[in-house]
Amino acid sequence: MSPFTRFAMGPVRTRFAPSPTGYLHIGGVRTALFNWLLTQRYGGQFILRIDDTDAERNRTEALQPILDGFKWLGINWDEGPEIGGNCGPYFQSQRQHLYDEAAKRLVASGHAYPCVVTADELRVDRETSEKAKKPYIHRGPRRDADPASNVALLAERRLPIRLKVPVGTTIVLDDLIRGHVEWKADDLGDPVILRADGRALYNFATVVDDAAMKITHIVRAAEHLSNTPLQLVAYAALGEPIPHFAHVPVVNEPNSKKKLSKRDMAKFLTSEIRDKLERIGWTKEQIAARDDLNPATVAFYKEMGYLPASLINYLARLGWSMDDHSEIIDIKTMVANFGLERVNSSSASFDPDKLYWVAGEYMKELPLSEKIAGCLPFLVRAGVLPDQPSPFQLEQLERIIVASGDRIKLFSDILQYGTPLISPVVSYDEKAVNKRLRKDGVAPVLAAFAEVMQTMEPFEPHALEAALQALSLERGTQPSLLIHALRVACTGIEVGPGVYDVLGILGRDESLRRIRSCPAFI
RNA sequence: GCCCCCAUCGUCUAGAGGCCUAGGACGUAGCCCUCUCAAGGCUAAGACAGGGGUUCAAAUCCCCUUGGGGGUACCA
């Protein structure tokens with residue numbers, strides 16, 4: 001029976017189990033996305049379960065940024081933090097009793113046994129094997145003891161519990177992405193599933209929880225493939241049905257075959273990225289105060305003004321394809337076509353350039369009102385506009401955004417195009433001034449055009465263009481001479497929207513003021 | 001060391017034995033459009049890791065090598 005037949009027979013239940021680390025990692029969210037897409041496609045539930053068993057590394061406040069990241073992206077969960085569900089609690093730290101109970105049950109049934117070997121003895125054994133260049137496979141002395149005596153032993157001493165790997169067998173997995181994989185049980189040591197203090201180990205807790213939560217499809221990063229045989233043994237010992245597994249390829253660093261790791265995220269906060277953040281209004285102190293502001297996290301893209309749908313689109317295409325040509329795939333189409341059978345099995349490098357392009361494609365389609373709403377906070381943060389802009393300022397912003405057109409790919413791009421028009425020119429680009437203003441013949445024609453502007457009616461782009469063409473013809477100069485001079489005079493820079501739009505947005509008085517005080521005349 | 005996974009342009013991918021002188025996309029370069037920058041149009045460079053098989057035929061199947069990754073924990 002194909003796994004896809006089984007999808008139709010009951011709801012698909014998938015889960016994502018992040019640790020509360022304070023940020024949502026790009027690689028993690030991609031895995032979560034595949035889980036979510038699967039449930040959207042086949043109908044089912046996506047569950048968020050918080051893996052907070054590692055007490056030292058966990059802060060409760062560190063969960064919020066993760067939930068915020070999912071919310072921003074529109075990846076909603078059907079069960080989990082904030083909303084609960086029938087299989088709670090959804091925090092592993094609150095489920096210890098379940099792991100404890102399950103482990104004891106396995107001892108009683110002879111599938112597990114208490115470990116009487118001390119950590120020191122284990123270390124010595126391991127080193128001995130290593131010296132002999134032999135793999136170390138641990139089998140504890142109580143392994144073959146009578147289950148009842150093991151139970152009795154546990155009643156008097158607190159000991160770690162190990163799972164019995166069935167010797168002589170072959171453990172097989174038919175992974176939905178990797179295909180058929182097998183391991184010889186004899187290559188695997190008996191793993192500890194419960195520490196002496198009762199805390200469960202990952203490989204056991206995850207199985208107990210996935211079984212209890214009736215997870216049908218375990219879609220997780222490929223780095224967990226090696227954990228799977230042990231987990232399969234645990235399922236069998238527990239007498240639980242084995243879910244489908246799909247190991248998705250990991251996300252690599254840009255232009256690299258190295259995994260995009262949580263551990264060395266700091267290195268992604270390059271000076272270039274710092275500059276970018278500062279340019280959009282972040283102070284050095286604010287950047288330093290947030291360790292999640294770097295390109296390996298979802299929060300970074302939110303702060304840079306990426307449209308969430310564009311990140312989803314990019315991440316889905318990283319490792320998955322719909323067909324041989326589609327790049328921009330809206331969420332509805334994605335859901336309707338998503339399937340594990342078109343997820344690649346090799347790892348993929350994260351490409352910021354392509355993401356930027358995707359972001360631009362989405363921005364092109366965004367309705368004007370949403371563009372304005374999205375850009376505004378960036379201008380406010382940078383101090384270009386007040387918290388409560390006047391109707392005039394809002395109208396001006398709208399005209400700037402319209403005039404900027406496809407130049408705005410990220411909301412933060414408004415700063416590059418909007419600031420020179422909203423704020424007074426504080427500095428002129430030296431190169432632009434030399435090239436466009438301090439040039440023979442520019443000053444007189446600029447002055448003459450200012451005269452025309454003074455009285456022309458109406459003061460709007462079409463009329464301005466006609467007037468400029470007429471003046472250029474009359475004086476025998478190239479229109480472009482005046483056009484370029486005007487842009488630099490009015491904005492200080494050489495790039496930006498069409499110059500007639502620039503003048504129209506500034507208005508007659510402001511345009512004249514800027515022209516008359518520009519470096520062409522001093 | 002041992003076990004497992006992966007391998008097509010710089011990057012993301014298409015390709016399930018003949019449709020492949022390997023297709024698309026991002027990026028790069030050039031040209032066109034043009035008041036600059038974007039956007040758009042056109043063009044170019046650019047890949048089957050290597051070696052053996054199997055087959056009339058291999059990017060596609062098998063084996064080996066190489067390279068990358070993961071595991072080998074009382075981490076997750």
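Letters go in sequence order (proteins before strands), and every chain restarts at 1.
- Proximity of A/S321 to the phosphate of B/A14: a side-chain N or O atom is located under 4.0 Å from OP1 or OP2.
- Between the side chain of A/E327 and the base of B/G24, at least one donor-acceptor pair of N or O atoms lies under 3.5 Å.
- With B/A14, B/C6, B/C5 as the choices, the nucleotide that has an atom nearest any side-chain atom of A/D324 turns out to be B/A14.
- Taking side-chain N and O atoms only, A/S326 has no distance below 4.0 Å to OP1 or OP2 of B/A25.
- For the 3.5 Å distance criterion, the side chains of A/S345 and A/R178 fail to qualify, holding no donor opposite an acceptor.
- Neither OP1 nor OP2 of B/A38 sits under 4.0 Å from any side-chain N or O of A/K364.
- A/R126 places its CZ atom 10 Å from the P atom of B/U72, with the value rounded to the nearest Å.
- Side-chain proximity of A/W183 to the nucleotides B/C5, B/C37, B/C3 is greatest for B/C3.
- Ring-plane geometry between A/Y301 and A/Y306 is classed as perpendicular, the angle between the planes exceeding 60 degrees on a 0 to 90 degree scale with a lower cut at 30.
- Nearest-nucleotide positions on RNA chain B place A/F350 closer to the 5' end than the other of A/F350 and A/S480.
- Between B/C74 and A/R199, no contact under 4.0 Å exists linking OP1 or OP2 to a side-chain N or O.
- Both A/N252 and A/G496 sit near RNA chain B, but only A/N252 has its closest nucleotide nearer the 5' end.
- Taking the charged nitrogens against the carboxylate oxygens, A/E253 and A/K259 have no contact shorter than 4.0 Å, which rules out a salt bridge.
- Annotation: proximity of residues 402-418 of chain A to RNA chain B (heavy atom, distance under 4.0 Å) is found for A/D406, A/R407, A/K409, numbered in ascending order.
- Take A/Y417 and apply the ring pair (Phe, Tyr, Trp, His ring centres under 6.0 Å) test, not counting sequence neighbours, and it matches no residue.
- The aromatic rings of A/Y136 and A/H138 sit tilted relative to each other, their planes meeting at an angle between 30° and 60°.
- For B/A14, its base never sits under 3.5 Å from the side chain of A/D323 at any donor and acceptor pair.
- Side-chain contact of A/R199 with A/S93: a donor-acceptor pair under 3.5 Å is absent, judged by distance alone.
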